[in-house]
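What follows is one structure encoded as structure tokens, with my remarks underneath.
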Number of protein chains: 2
Amino acid sequence: MPDRPLNLLLQAPVFRGAHPDDLRELAVLSTPLSLRRGEALFHAGDEVRSLYLVVRGSVRVYRVGRGGTRELTLHVEGPRQLVSGVTAFQEQAAPERLVTYPAHAEVLQTPTELLSLPAQAVREAAYHTPALAQAVIAYFARRQAELLERMESLVFSELGERLAAYLLEHAAAPWPLPTNSELAALLGTVPELVSRKLGEFYRLGVIRLERRVVQVVDRPALTELAGQAAARR
Amino acid sequence: MPDRPLNLLLQAPVFRGAHPDDLRELAVLSTPLSLRRGEALFHAGDEVRSLYLVVRGSVRVYRVGRGGTRELTLHVEGPRQLVSGVTAFQEQAAPERLVTYPAHAEVLQTPTELLSLPAQAVREAAYHTPALAQAVIAYFARRQAELLERMESLVFSELGERLAAYLLEHAAAPWPLPTNSELAALLGTVPELVSRKLGEFYRLGVIRLERRVVQVVDRPALTELAGQAAARR
DNA sequence: CGCGGGATTGAAGGGATTCAACCCATGTGG
DNA sequence: CCACATGGGTTGAATCCCTTCAATCCCGCG
């Protein structure tokens with residue numbers, strides 16, 4: 001089916017409200033790619049040429065610090081979400097100063113399917129189509145609000161609160177936890193601490209944990225533990 | 001002079017590259033206001049009706065946490081900069097869900113002069129004028145990159161490194177320090193710690209400090225102290 | 001001269017970090 | 001079928017930084 005890319009684009013929140021005609025050209029220019037868990041989509045410092053729409057699977061965008069011993073996950077993007085969407089709109093300040101990715105991106109699930117879109121073309125489309133401009137700008141604004149929330153919880157909340165908030169977000173049903181390393185990167189800490197805190201919650205009886213499958217038992221208590229980290233939801 | 005607002009708008013980086021005709025309508029709708037140090041521009045939770053262009057003076061945008069005992073300064077905006085620029089572009093998700101400021105804003109200098117622009121009109125203008133859309137989007141992208149830098153340094157660097165980096169940024173000549181409270185809010189900590197670290201740097205001989213006027217004496221050493229927090233500049 | 005806001009300093013305590021050891025499940029190859 | 005390697009996970013202990021509360025100091029100002 002030749003216009004499947006177009007449908008995918010139309011369903012992405014970044015382009016919400018756009019008319020099919022606005023996206024037809026981009027759909028033609030898009031190229032699909034499929035990666036497996038652990039594979040890198042790009043590295044920090046690479047030149048930005050394209051942006052990626054997740055079709056299936058998920059991608060983690062992260063930065064490394066402390067001489068590589070530590071990672072901070074900025075976003076985890078699932079289907080219909082954009083990777084590097086904001087960066088791709090940075091114009092280069094000078095001809096010799098290339099725009100580069102400010103973070104790394106790696107694939108979390110096998111298989112993960114993506115649509116690669118040329119950054120230049122997307123920019124052009126957004127500038128010249130009011131509906132697209134509106135959607136992109138609104139998307140950026142949402143993104144920034146999310147980043148601020150993230151930043152605030154990292155600065156103001158302690159690890160226990162952040163972990164409790166994380167657990168509450170996914171508490172609908174028992175679900176398998178990511179590895180402690182991944183959790184640590186999400187929460188801005190190290191695997192050891194995640195292990196300790198999880199054990200603490202377990203001993204308190206607010207969660208059940210068996211073979212990495214976790215279930216929230218005492219939601220009020222967990223909400224209490226999340227403190228103000230959860231107050232905003 | 002009736003078209004002074006227009007000139008101010010034309011000089012703002014947010015609207016860089018715009019044609020005067022694109023901004024004429026906005027200039028007419030703008031209203032000037034003048035505030036003094038300590039006065040609030042808006043509070044978190046207020047409905048977003050306008051965005052502000054700083055003409056003279058400076059404005060601090062910050063969030064409070066830990067039950068009000070602690071503040072985190074997100075940005076300090078000077079002349080030609082926009083306050084609440086990103087938030088003002090958030091469309092309301094539902095008719096009953098107003099868009100509200102996610103942070104507080106207060107004036108740092110007396111006098112601070114601003115131009116208030118109606119959010120709705122600015123949005124419309126940006127959507128329908130390609131040059132404006134381009135400028136606004138580029139501005140958002142830049143802003144997000146800055147936020148990421150900020151977030152990274154808060155997560156990865158220790159207080160001493162952040163303070164050293166801050167001092168280096170302003171090291172061109174001796175200059176008067178803000179109060180310790182303001183510094184603390186910028187660095188994500190409390191005034192006591194700022195005092196301690198400043199004293200430490202002083203005893204190390206890397207800065208001179210007299211009546212709140214600071215001067216970087218040993219720049220290499222300070223760069224060393226800033227560690228990776230300065231490596232990216 | 002006393003007042004008040006900010007700055008400094010001390011001390012107690014807690015959370016986070018780091019390094020290291022150990023466990024456990026899985027998978028591989030002899 | 002077992003030895004072994006591997007990658008997580010868990011736990012302990014030492015240390016460090018940050019936090020918090022409180023006392024004191026300093027300086028400008030009425």
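Below, chain A is the first sequence line, B the second, and so on; all start at residue 1.
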From the options D/dG9, D/dC18, D/dT20, select the nucleotide whose nearest atom is closest to the side chain of A/Asn180.
D/dG9

Describe the nucleic acid contact of B/Arg70 in one word from base, sugar-phosphate, nothing, applying a heavy-atom distance below 4.0 Å.
sugar-phosphate

What is the separation between atom CG on B/Leu163 and atom P on D/dC18, rounded to the nearest whole Å?
11 Å

At less than 4.0 Å, is any side-chain N or O atom of B/Arg212 found next to OP1 or OP2 of C/dT8? Yes or no.
yes

Quick one: label A/Thr69 by what it contacts on the DNA or RNA (base, sugar-phosphate, nothing), any heavy atom closer than 4.0 Å.
nothing

Output field: ring centroids A/Phe140/A/Phe89 closer than 6.0 Å
yes

Which part of the nucleic acid, if any, lies within reach of A/Arg196 when heavy atoms closer than 4.0 Å are counted: base, sugar-phosphate only, or nothing?
base

Please compare A/Val155 and A/Leu198 by the position of their nearest nucleotide in DNA chain D and report the one closer to 5'.
A/Leu198

Would you mind reading off the distance between B/Glu210 atom CD and C/dT8 atom P, rounded to a whole angstrom?
13 Å

Using OP1 and OP2 only, check whether a side-chain N or O of A/Thr189 sits under 4.0 Å from C/dT17.
yes

Closest to side chain of A/Leu193, choosing from D/dC18, C/dT17, C/dG15
C/dT17

Which of C/dA7, D/dC18, D/dT11 is nearest the side chain of B/Ser195? It is C/dA7

Gap between atoms CD and C1', on A/Glu192 and D/dC16 respectively (whole Å)
16 Å

How many angstroms lie between atom CD of A/Glu71 and atom CD of A/Glu182, to the nearest 0.5 angstrom?
9.5 Å

Value for CD (B/Gln109) from CG (B/Leu35), rounded to nearest 0.5 Å, stands at 12.5 Å

Is there side-chain contact between B/Leu108 and B/Val76, with at least one heavy-atom pair below 4.5 Å?
yes

Distance in angstrom units between A/Lys197 NZ and D/dT10 C1', rounded
15 Å

Using whole Å, report how far CD of B/Glu161 lies from C1' of D/dC16.
13 Å

Which label fits A/His104 and A/His43: parallel for a plane angle under 30°, tilted from 30 to 60°, or perpendicular past 60°?
perpendicular

How many Å lie between CZ on A/Arg162 and P on C/dG15, as a whole number?
13 Å

Return the value, rounded to whole Å, for the distance between atom CG of A/Leu183 and atom C1' of D/dT10.
15 Å

Counting only side-chain heavy atoms from C-beta out, which of D/dG28, D/dC18, C/dG15 sits nearest to A/Glu158?
C/dG15

Could you tell me how far apart B/Glu200 (CD) and C/dA7 (C1') are, to the nearest whole angstrom?
17 Å

